[in-house]
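Single-structure report; data block below.
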Amino acid sequence: QVQLVESGGGSVQAGGSLRLSCAASGYTYIRYCMGWFRQAPGKEREGVADIDSDGSTSYADYVKGRFTISQDNAKNTLYLQMNSLKPEDRAMYCCAAVHPSIRDRETKTPRWGFGYWGQGNQVTVSS
């Protein structure tokens with residue numbers, strides 16, 4: 001059973017930085033697809049950034065140039081470095097992991113709904 005535990009959230013003023021961590025356990029040898037998602041009050045969950053099993057990364061337009069996703073395979077830990085934070089970045093941030101074989105047949109994108117999720121970590125940005 002894969003377990004994901006996030007840490008590093010908190011409160012910061014606009015323009016500040018935070019780094020989220022997601023420690024993964026329960027799997028070895030297979031490189032899962034890993035991603036960060038967020039959900040603000042009254043809004044639907046949205047993708048932020050992800051790392052595919054081949055190491056390629058992708059970002060949502062609203063965080064490009066400000067956020068960086070990375071992972072330390074030796075520590076089985078996923079990171080999200082968030083710089084130049086804006087009040088609209090305020091949300092509950094969750095990490096997710098999905099087996100690399102679970103993909104949409106046409107787009108080949110990971111099907112996160114069939115993966116594992118952390119408990120979430122609150123990020124608050126004040127103006």
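Scope of the values below: all heavy atoms of this structure, side chains included, with no hydrogens, waters or symmetry mates.
In this model, no donor atom of one side chain and acceptor atom of the other lie less than 3.5 Å apart for Thr109 and Asp104.
Under the 4.5 Å side-chain heavy-atom criterion for Ile, Leu, Val, Met, Phe, Trp and Tyr, Val2 and Phe37 are members of distinct hydrophobic clusters.
Distance check: Ser53 OG to His99 NE2 gives 9.5 Å after rounding to the nearest 0.5 Å. Annotation: the span from Leu85 atom CG to Thr124 atom OG1 amounts to 10.5 Å, rounded to 0.5 Å. To the nearest 0.5 angstrom, Trp36 atom CH2 is 8.5 Å from Cys94 atom SG. From Ser25, atom OG reaches atom CG of Leu4 across 7.5 Å, with rounding to the nearest 0.5 Å. We find the CD-CG distance between Gln3 and Asn76 to be 12.5 Å, quoted to the nearest 0.5 Å.
Listed for the Tyr59 side chain is a donor-acceptor partner under 3.5 Å among the backbone atoms of Ile69.
In this structure, the side chains of Gln71 and Cys22 stay at 4.5 Å or more apart for every pair of heavy atoms. Side-chain contact check for Asp52 versus Arg103: some heavy-atom pair is nearer than 4.5 Å. Contact annotation: the side chain of Arg38 approaches that of Asp89 to within less than 4.5 Å [non-hydrogen atoms, C-beta and beyond]. Between Val125 and Met82, the closest side-chain pair of non-hydrogen atoms is not below 4.5 Å. At a threshold of 4.5 Å between non-hydrogen side-chain atoms, the residues Glu46 and Tyr62 count as touching.
Considering every non-hydrogen atom in both Lys75 and Thr77, the closest pair reads O-OG1, 2.9 Å. Scanning both residues, Val123 and Gly9, for their nearest heavy atoms gives CG2-CA, 4.3 Å. The minimum heavy-atom distance between Ala97 and Met34, with the atom names listed, is CB-SD, 3.4 Å. The shortest heavy-atom contact between Asn121 and Gly8 is ND2-N, 3.3 Å. Looking at every heavy atom in both residues, Pro41 comes nearest to Arg90 through CG-NH1, 4.3 Å. A pairwise comparison of heavy atoms in Cys95 and Leu78 identifies CB-CD2, 4.2 Å as the closest pair.
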Quick one: side chains of residues 12-20, donor-acceptor pairs under 3.5 Å with protein atoms, not counting sequence neighbours, listed by atom name and distance.
unit_1	atom_1	unit_2	atom_2	d
Ser17	OG	Asn83	OD1	2.9

Under 3.5 Å, which donor-acceptor pairs do the side chains of residues 110-120 form with other protein atoms, sequence neighbours left out?
unit_1	atom_1	unit_2	atom_2	d
Trp117	NE1	Trp112	O	3.2
Gln119	NE2	Glu6	O	3.4
Gln119	NE2	Glu6	OE1	3.4

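In this structure, Phe67 and Tyr93 have tilted ring planes: the angle between them lies in the 30° to 60° band.
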